[in-house]
Amino acid sequence: MTDTPRPGQATPELSAQYAPGEVEQRRYEQWVADGLFKADAGSDKPPFSIVLPPPNVTGSLHIGHALDHSVQDALTRRKRMQGYETLWLPGMDHAGIATQNVVERQLAADGLSRHDLGREAFVERVWQWKQESGGKILGQMTRLGDSVDWSRERFTMDAGLSRAVLTIFKRLFDDGLIYRAERIINWCPRCLTALSDIEVEHSDDDGELVSIRYGDGENAIVVATTRAETMLGDTAVAVHPDDERYQHLIGTEVELPLTGRRIPIVADAHVDPAFGTGAVKVTPAHDPNDFEIGQRHDLPSLTIMDDHGVITVHGPFLGLDRFEARPAVVAALRAEGRIVAEKRPYMHAVGHCSRCNTTVEPRLSLQWFVRTEPLARAAGDAVRDGRVRVEPPELTKRYFGWVDNMHDWCISRQLWWGHRIPVWYGPNGEVVCVGPDDEVPAGDGWTQDADVLDTWFSSALWPFSTLGWPDETPDLAKFYPTSVLVTGYDILFFWVARMMMFGLYAMDGRQPFDVVMLHGMVRDQYGKKMSKSFGNVVDPLDWIERFGADATRFTLLRGANPGADVPVSEEWVQGARNFANKLWNATRYGLANGATVEGELPTEDLSTVDRWILSRLQHVIGEVDQQFEAFELAKVCDTLYHFAWDDVCDWYLELTKPVLTGDDEAAKARTRRVLGHVLESLQRLLHPIMPFVTEELWTTLTGRPTVVRAEWPTPDKELADDSAEREVENLQRVVTEVRRFRADQGVKPAQRVVARLEGLAAAGLAAHEGLMRSLARLDAAGGDFAATAKLAVGVGVTVELDTRGAIDVAAERARLTKDQAAAEKEAAQCRAKLGNPAFTGKAPEAVVAKIRERLETAEADLARVAAQLEALQ
RNA sequence: GGGCGCGUAGCUCAGUGGAAGAGCACCCGCCUUACAAGCGGGGGGUCGUUGGUUCGAACCCAACCGUGCCCACCA
């Protein structure tokens, strides 16, 4: 093998194996130092922008982030190479409850509560925590290779974003889209705050349905409940207006057991006469349905629990926790003989706090709400009229289901960490909403609302608040609307719909993003959800450490088609690591054989093999582009994997060996140039997926500074060459068939077999005899040649081999007989089909032709096998 | 309770009207000077079931079975 370094350049050296750890840190630091990820709002280039879904400040990088970020980075890096002015904006979410819980736990370790510190000191303490231990995840992002613009990092509580929050709150307030009201809300008795619908998770819990008789004699009415303790707050019993059984009771009163209170029996269409007894106890202060019934019938609301879920009424139960009160109330009722049916198990959906899993208590409470109806309608319309595209489209149904049925959004939280509600109450009942540039009311008796806003309120502003809104900044002008939002389908409703509502509202009807790309969840190799208790959780940092960031990314992206869950396993990441190594060694081969990227790509006198690989490359570029535009990153990975491994490594590199070790210097120079082009193109194509190894290889191969801003390949139609592709395919068939024969016959790979090739000229393969001999390890027939085996390989080429002493005739005959039977069956099927007038009459001509072709092939196979059998005699 | 998916090789998944594919796993043979994290070869599926539409169905339709997810104020 010759070793001819490029003029004026030292021979680059690569070790035999790729060692990612050595490369990654060095490369990332250089990229940042060179400002390669920085966006320029003043550029003339077309914009491409993504805002990173802000991770919680309490979070650290888990495998789901790794997937999410890998997708965004791949999209961003490709667009950057395509010449777009590219911004990927990073940042974090202040994560109200989650963060407050973390700091409260720290305090609890010292025996303190947040109330011991007081509000101001507590918030100060949280900020301090954030400075010291928050935001670990941002550092971890560098390990993945995220090409984010660090100069634009934002935090939902920083000054600019807080101003955006105040601005939009004020605007919504003035438009009558924010209001304060007493409503049934989800209350977490542990976090001591209201929760929105999306912060409540439903699970089917075991409950017990008990039937209780209210009243006596003629007036008795039986109700059923799973929450017996709430009967203490009942202010009515409701029945369906048409329910025959209770006509005589409607409008009367009944005595509520244990309390001595008399409550009315009302008729309400909400009641399902078929469920239970058809009579419902009504507790307006502790059940959303009951609240509405209460509103319709002007019933009083009687609150029976405090913030902690402790009973506040009725002597015997006073001070009991809600779960203690339940059996206590049942026992007391039983003592009075009012339990008319034994308790029976009952599975029903119960809400739990998404932060601490405490059972949520529906509770009447004075809170702030966003009136979502007009906002949600606009959010739905933007998708309906095609301004925003959802990938995969199937998920639009879920999106509509959500935005079209949205309840008003409870936005006040009884927490201290967050954006404080900018409303002040005056001594005479004044309510003043204070915008960012307004004077805060001063004087005696003015107090600010104590609550803070739901965390999702500020994250809903993320696509524009991070770009400088409400100011008309160059960033906002250049990068809004953002190009694509990438996130998991699990937060389509939580977050995406809210960004749509606020984006359309704040930006005068302009959508926050053009495309929503939803990926799936990362799962284990059996498709199981990852969970700590199951022990199947993968730590991406561990994988990056052991297999490299590129291998980790490739493993994730290889499953990342829109909407699809992504199973991963250690075996698979090993495979990806092997792939990185394969690329590494292909480039090593190129470097050792003088592959070059200097000078024009030759077009004259190219070998068939060179024309073939260039043609394949054009197809691959086209395919990859299509797949990228459809966000089908799994397919991108698959296409490039097979091109790199099968076409380039297994065939092309092998096929260049005779030329590159030969002595035709002109031919060698051409192939070196083509080889250099193919390798560096492949590296550019793979860079969005595997940034580190491609950077290392590309810079080494080309001597240029970085592939990060290298030009993305475009297909060159001039280089497409069908005849070269066909020729090489035929060559491959010959080689493969001979290899198969050798393997079946147990001929050692190293053993040269003497052979004669016939029919090459007719098959158009005359020029490639040397290549085929080299790949199939066939020597030219010499003087004592005796054809002991004859191989017809299907493209009109016959190989006669001298395998004296090397083959097992009986085994080969058995195999050929099997082949013969298969070919006969195939031929028979095709003949039957072609003999069927219904088929030939109705099927498209192309299909019929295809069947004819199959028949020809089958017949040729039959002839081939027959010839081989004969030769074996 | 409502809605949306899925069921293809041992595992994870592509394929969506023309006669079944990949990765890994498995079997056989090889340290053939880019790579043993490799090379060459191979076995393996009546495409959940049953009907229907069609010349033709993994693909379209219906029912059923299995399975997953989302939403949900029948006590």
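Chain letters run A, B, ... following the sequence lines, proteins first and then strands; every chain starts at 1.
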Closest to the [X] side chain: [options]?
X	options	value
Phe839(A)	A22(B), G18(B), C69(B)	G18(B)
Lys850(A)	A37(B), A34(B), A19(B)	A19(B)
Pro567(A)	G18(B), C55(B), U12(B)	U12(B)
Thr736(A)	G18(B), G41(B), C24(B)	G41(B)
Asp638(A)	A22(B), C35(B), A37(B)	A22(B)
Ala838(A)	C55(B), A19(B), A22(B)	C55(B)
Asp744(A)	G56(B), C69(B), G41(B)	G41(B)
Ala743(A)	C24(B), G41(B), A22(B)	G41(B)

Exercise. Any Lys/Arg nitrogen of Arg322(A) or Glu229(A) sitting under 4.0 Å from an Asp/Glu carboxylate oxygen of the other?
Worked result: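 Between Glu229(A) and Arg322(A) there is no salt bridge, as every charged N stays at least 4.0 Å from the carboxylate O atoms.
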Problem set entry | Salt bridge present between Asp779(A) and Arg773(A) (N-O < 4.0 angstrom) |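 Answer for the salt bridge query: no.
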Please determine whether a side-chain nitrogen or oxygen atom of [X] lies at a distance below 4.0 Å from atom OP1 or OP2 of [N].
X	N	result
Asn578(A)	G38(B)	yes
Lys397(A)	G5(B)	yes
Lys635(A)	G15(B)	yes
Trp645(A)	C39(B)	yes

For [N], give its Watson-Crick or G-U wobble partner with both distances under 3.5 Å, or none.
N	value
U53(B)	none
G1(B)	C71(B)
C24(B)	G10(B)

Can you check the [X] [atom1] to [N] [atom2] distance for me, whole Å?
X	N	atom1	atom2	answer
Lys529(A)	G68(B)	NZ	P	11 Å
Leu395(A)	C69(B)	CG	P	15 Å
His519(A)	C13(B)	NE2	P	16 Å
Glu394(A)	C69(B)	CD	C1'	14 Å
Phe579(A)	C39(B)	CZ	P	12 Å
Gln683(A)	A34(B)	CD	P	18 Å
Leu557(A)	U12(B)	CG	P	21 Å

Heavy atoms under 4.0 Å, any strand shown: does [X] hit a base, just sugar-phosphate, or nothing?
X	result
Lys582(A)	base
Arg740(A)	sugar-phosphate
Cys649(A)	base
His240(A)	nothing
Val848(A)	nothing
Asn581(A)	base
Pro844(A)	base
Asp650(A)	sugar-phosphate
Arg558(A)	sugar-phosphate
Arg739(A)	sugar-phosphate
Lys842(A)	base
Glu654(A)	base
Thr283(A)	nothing

For this session: Assign each of Glu292(A) and Gln829(A) to its nearest nucleotide of RNA chain B by heavy atoms, then name whichever residue's nucleotide is nearer the 5' end.
Result: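 In this pair, the answer is Gln829(A).
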For this session: Could you pick out which residue, Asn561(A) or Thr840(A), lies toward the 5' side of RNA chain B when each is mapped onto its nearest nucleotide?
Result: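 Residue closer to the 5' terminus by nearest nucleotide: Asn561(A).
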For this session: Quickly, which of Ile263(A), Asp234(A), Leu256(A) forms a side chain to side chain contact (heavy atoms under 4.5 Å, CB included) with Lys281(A)? Name it, please.
Result: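 Among Ile263(A), Asp234(A), Leu256(A), the one that satisfies the side chain to side chain contact (heavy atoms under 4.5 Å, CB included) with Lys281(A) is Asp234(A).
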Exercise. Without hydrogens or angle criteria, can the side chains of Tyr526(A) and Ser569(A) be said to hold a donor-acceptor pair below 3.5 Å?
Worked result: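 Side-chain D/A pair, Tyr526(A) to Ser569(A): absent.
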Exercise. Which value, in whole Å, describes the distance between the C1' atoms of nucleotides U54(B) and C69(B)?
Worked result: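 Roughly 35 Å separates the two C1' atoms.
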Exercise. Taking N and O atoms by type only, does the side chain of Gln17(A) place a donor or acceptor under 3.5 Å from a partner on the base of A37(B)?
Worked result: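 Under the 3.5 Å cut-off, the side chain and the base do form a donor-acceptor pair.
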For this session: To the nearest 0.5 Å, tell me how far Glu292(A) CD sits from His270(A) NE2.
Result: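 One finds 8.0 Å between CD of Glu292(A) and NE2 of His270(A).
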Exercise. Which distance, rounded to the nearest 0.5 Å, do you find between the CG of Leu583(A) and the SG of Cys649(A)?
Worked result: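 Rounded to the nearest 0.5 Å, the CG-SG separation comes to 7.0 Å.
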For this session: Name the orientation class of the two ring planes belonging to Trp645(A) and Tyr641(A) (parallel below 30°, tilted from 30 to 60°, perpendicular beyond 60°).
Result: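 Answer is tilted, since the angle falls between 30° and 60°.
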Problem set entry | Greater than 12 external heavy atoms within 6.0 Å of Glu182(A)'s CD |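 Yes, because the 6.0 Å sphere around CD of Glu182(A) holds more than 12 heavy atoms from other groups.
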